[in-house]
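A quick write-up on the structure given underneath.
Since this is a predicted model, take the numbers as computed values, not measurements. The chains referred to below are lettered A, B, ... by the order of the sequence lines, with proteins before strands, and numbering in each begins at 1.
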Number of protein chains: 2
Amino acid sequence: MTRGQHQTALRQRATLEDVAREAGVSLATADRVVNRRDGVHAKTAARVAHAIAKLGYTANAAAARLARNRPRRFAFLLPSTPNAFMTQLAVQVAATARWLEGQNAFIDMSHVDVFDAEALAAALRGLQPVYDGVALVALDHPSVRAAIDDLVARSVHVVTLVSDVPTSRRVHYIGIDNPAAGRTAASLMGRFVPRRGGTVAVVVATMALRDHAERHFGFMQVLSQEFPELRILPVLEGRDDATRNRTLVRRLLSDTPDLVGIYNVGAGNEGIAAALETAGRARDVVWVAHELTPDARRCLLNGVADAIINQDPGHEARSAARILLAHCEGAPILADQERIRIEIFLRDNLP
Amino acid sequence: MTRGQHQTALRQRATLEDVAREAGVSLATADRVVNRRDGVHAKTAARVAHAIAKLGYTANAAAARLARNRPRRFAFLLPSTPNAFMTQLAVQVAATARWLEGQNAFIDMSHVDVFDAEALAAALRGLQPVYDGVALVALDHPSVRAAIDDLVARSVHVVTLVSDVPTSRRVHYIGIDNPAAGRTAASLMGRFVPRRGGTVAVVVATMALRDHAERHFGFMQVLSQEFPELRILPVLEGRDDATRNRTLVRRLLSDTPDLVGIYNVGAGNEGIAAALETAGRARDVVWVAHELTPDARRCLLNGVADAIINQDPGHEARSAARILLAHCEGAPILADQERIRIEIFLRDNLP
DNA sequence: CTGAAAGCGCTTACAG
DNA sequence: CTGAAAGCGCTTACAG
């Protein structure tokens with residue numbers, strides 16, 4: 001009726017003490033082998049390794065953390081531009097900070113103008129030399145890259161969050177695959193729109209932002225190849241600004257009678273929603289956007305938006321903290337757990 | 001340029017010792033207050049509480065775990081029917097077990113016939129009284145419910161995994177909202193299928209499974225209300241069996257010339273794929289299914305499947321372990337982190 | 001290259 | 001109702 005029940009649970013777990021006794025060495029030497037510190041005779045190391053294998057020893061993580069007792073300090077740099085998604089991210093970083101405290105690690109969050117590479121680079125250079133790790137919403141620019149690499153050269157663990165600098169020496173990027181997100185948007189758009197064709201528009205903040213350019217690229221790729229019946233307009237740049245987006249879309253709607261779809265790559269969804277509703281086109285224009293903010297949720301529920309592509313800010317904040325911590329402690333990372341999903345939300349699977 | 005940089009990171013963190021000194025009590029008493037154990041004079045407790053607030057004390061989780069030093073044992077009961085999703089889940093439970101060991105907690109995994117309520121109930125009753133917690137892929141049946149409630153009465157923490165028994169006293173359900181998953185499938189189906197209408201079929205294992213019945217219900221609800229141009233056939237029961245599904249779909253395809261969509265609620269996707277391909281209908285019939293197994297992934301990539309609705313087995317395994325551990329230790333749960341998403345995968349956002 | 005011993009910050013009997 | 005002290009399983013100087 002039941003099978004495969006392991007008996008491990010009923011055995012007492014081996015400690016480092018047990019390993020040391022089994023190998024005939026002291027605790028200190030056993031510890032050296034377990035943590036791969038050098039200065040151990042090869043023969044001794046082999047004896048210890050054998051004991052570890054024989055007893056199936058795995059370290060007690062709580063004891064190790066306590067004994068080490070080194071507090072960790074992380075700096076998180078977020079954009080000072082207050083868009084809804086970044087606000088959510090800041091809230092989640094704060095929540096993560098409270099959890100981290102129990103792990104004897106601390107987060108200092110600060111805000112910098114994202115669109116200004118020099119300011120971001122200066123902020124990175126100006127970081128007090130107390131940090132074990134830094135997480136930043138990056139801007140792909142040579143100055144930023146240099147500042148990241150300088151930190152890494154000083155053995156600070158650096159991760160990029162939401163927006164990457166792939167050529168830098170950051171140890172990890174925590175965010176979605178942006179070209180894939182663009183392709184996903186295109187697939188949804190192409191299938192949601194009427195078969196007879198029409199015109200589609202794409203709105204970005206500026207093509208100078210790597211993630212926006214990448215999403216646009218992925219979108220174009222799929223739409224042009226798989227939905228040739230759709231005509232794609234030159235990209236519109238709204239600077240993530242709702243007011244500007246509203247103006248752009250109002251003009252777009254009056255200039256393009258056969259408009260069937262809008263893909264908003266960046267922020268400022270309120271402006272687009274307003275323009276669509278004012279023109280009475282909210283129900284017949286397919287609109288795909290990013291980030292499940294309160295506004296986006298409302299738009300999904302009332303049918304103005306058709307799909308929202310999301311990255312979970314809570315997951316990203318926790319992931320950044322776990323990854324920084326793991327790098328500091330030399331602990332393993334669960335790749336599976338840290339992979340940031342390209343989430344698709346319709347009205348029906350809203351959390 | 002930067003602002004809002006907290007100074008917490010530069011302060012030394014307060015220990016229980018500090019709290020005790022500040023309140024003028026012993027460590028033991030401070031501990032009693034922190035952990036809400038009783039037998040402390042109200043005035044003393046107030047003094048300690050004041051010290052905690054003043055110093056901003058939060059417990060060092062590692063030290064607490066170590067001092068407590070109580071190993072935890074969990075039993076995980078999975079279906080013995082070896083479908084691809086359940087195999088993935090078993091792999092993830094095993095991976096989680098390795099992580100848990102470092103937390104001084106251990107998982108015993110065993111397998112029971114899911115479709116047999118009495119066998120499942122007997123397995124629950126037959127569990128050795130060594131377990132602090134139990135996670136099971138449940139079957140919503142009075143015998144199972146009674147067996148769960150008996151465990152809870154013996155103060156065992158019980159969680160349901162993937163499939164729930166909502167009326168039982170289990171402390172948590174780790175899985176997706178199944179009616180919402182069905183509604184999501186319907187929205188995708190309705191929008192992917194040609195506007196002119198046609199016939200849609202739904203395949204389940206059996207309507208006696210709560211999750212299948214719920215998904216079917218959600219699907220019907222949205223499809224009938226929002227896509228009245230689509231005709232829905234009576235549900236087909238394939239017992240999660242690929243061979244049976246293949247036969248059902250072969251017959252379906254020949255009997256229903258205007259078939260435009262299939263929603264497979266359960267397992268056995270290979271059978272459906274085979275029938276669609278053999279009939280040369282793979283590209284024009286919209287097919288929505290569940291669980292991103294290797295087969296499902298292949299079907300998405302080659303265009304046989306149009307969307308896969310997924311629950312992440314790795315997330316579920318880790319979540320079950322974290323939730324059981326938290327309940328054992330009286331620790332808080334991060335609801336946000338434990339929420340199991342209804343994931344939508346298209347070819348483009350495959351991980 | 002190796003070991004004895006102190007110590008990390010809690011919890012837990014035990015005594016009073 | 002309160003406290004002194006041992007102990008959890010590691011890591012870390014320090015001595016040799």
Quiz prompt | Atom pair distance, as rounded to whole Å: CD in A:E101 and P in C:dG9 | solution = 15 Å

Quiz item: Given atom NZ of A:K43 and atom C1' of C:dT2, what is their separation to the nearest angstrom?
Solution: 16 Å

Exercise. Taking salt bridge (charged side-chain N to carboxylate O under 4.0 Å, His left out) as the test, write out the residues that go with A:D336, two or more places apart.
Key: A:R339, B:R318

Quiz item: For residues 57-70 of chain B, which residues have at least one heavy atom under 4.0 Å from DNA chain D?
Solution: B:L66, B:A67, B:N69

Practice problem: Ignoring the backbone of B:T44, work out which of D:dC10, D:dA4, D:dC1 is nearest its side chain. | Solution: D:dC1

Quiz item: Listed by chain and number, what are the side chain to side chain donor-acceptor pair (under 3.5 Å) partners of A:Q337, not counting sequence neighbours?
Solution: B:R322

Quiz prompt | Heavy-atom side-chain proximity of B:F76 to B:V134 below 4.5 angstrom | solution = no

Exercise. Rounded off to whole Å, could you give me the CG-to-P distance for the B:L27 and D:dC1 pair?
Key: 20 Å

Quiz item: Thinking salt bridges, do B:E101 and A:R13 make one under a 4.0 Å N-O criterion?
Solution: no

Exercise. Just grab all the salt bridge (Lys or Arg N to Asp or Glu O under 4.0 Å) pairs involving residues 156-166 of chain B, residues at least two apart or on different chains.
Key: B:D164-B:R170

Self-check item: Nucleic acid contacts of residues 32-40 of chain A, taken as heavy-atom distances under 4.0 Å to DNA chain D
Solution: A:N35, A:R37

Distance-only donor-acceptor pairs under 3.5 Å for side chains of residues 16-25 of chain A, two or more places apart:
| unit_1 | atom_1 | unit_2 | atom_2 | d |
| --- | --- | --- | --- | --- |
| A:D18 | OD1 | A:R21 | NH1 | 3.4 |
| A:D18 | OD2 | A:T15 | N | 2.8 |
| A:D18 | OD2 | A:T15 | OG1 | 3.3 |
| A:E22 | OE2 | A:K54 | NZ | 3.0 |

Quiz item: Sequence neighbours excluded, which residues qualify as ring pair (Phe, Tyr, Trp, His ring centres under 6.0 Å) partners of A:H315?
Solution: none

Quiz prompt | Partner residues of A:N310 under the side chain to side chain donor-acceptor pair (under 3.5 Å) criterion, sequence neighbours left out | solution = A:E343

Quiz item: How many Å lie between CZ on B:R21 and C1' on C:dG9, as a whole number?
Solution: 13 Å

Self-check item: Interatomic distance, B:L55 CG vs C:dG9 P [rounded to whole Å]
Solution: 14 Å

Self-check item: Sequence-distant partners of B:R169, salt bridge (charged side-chain N to carboxylate O under 4.0 Å, His left out), two or more places apart
Solution: none

Quiz prompt | Distance in angstrom units between B:Q103 CD and D:dC10 P, rounded | solution = 13 Å

Quiz item: Where does DNA chain C form stems of at least three consecutive Watson-Crick or G-U wobble pairs, each pair having both distances below 3.5 Å?
Solution: C:1-3 with D:14-16, C:5-12 with D:5-12, C:14-16 with D:1-3

Quiz item: OP1 or OP2 of C:dG3 less than 4.0 angstrom from a side-chain nitrogen or oxygen of A:T29, does that happen here?
Solution: yes

Exercise. Starting at atom CG of A:L16, determine the distance to atom P of D:dG7, rounded to an integer number of angstrom.
Key: 19 Å

Practice problem: State which residues pass side chain to side chain donor-acceptor pair (under 3.5 Å) with A:E316; sequence neighbours excluded, sorted by chain then number. | Solution: none

Run the side-chain donor-acceptor check on residues 37-44 of chain A: report pairs under 3.5 Å with partners two or more places apart or on a different chain.
| unit_1 | atom_1 | unit_2 | atom_2 | d |
| --- | --- | --- | --- | --- |
| A:R37 | NE | A:D31 | OD2 | 3.0 |
| A:R37 | NH2 | A:D31 | OD1 | 3.2 |
| A:R37 | NH2 | A:D31 | OD2 | 2.9 |

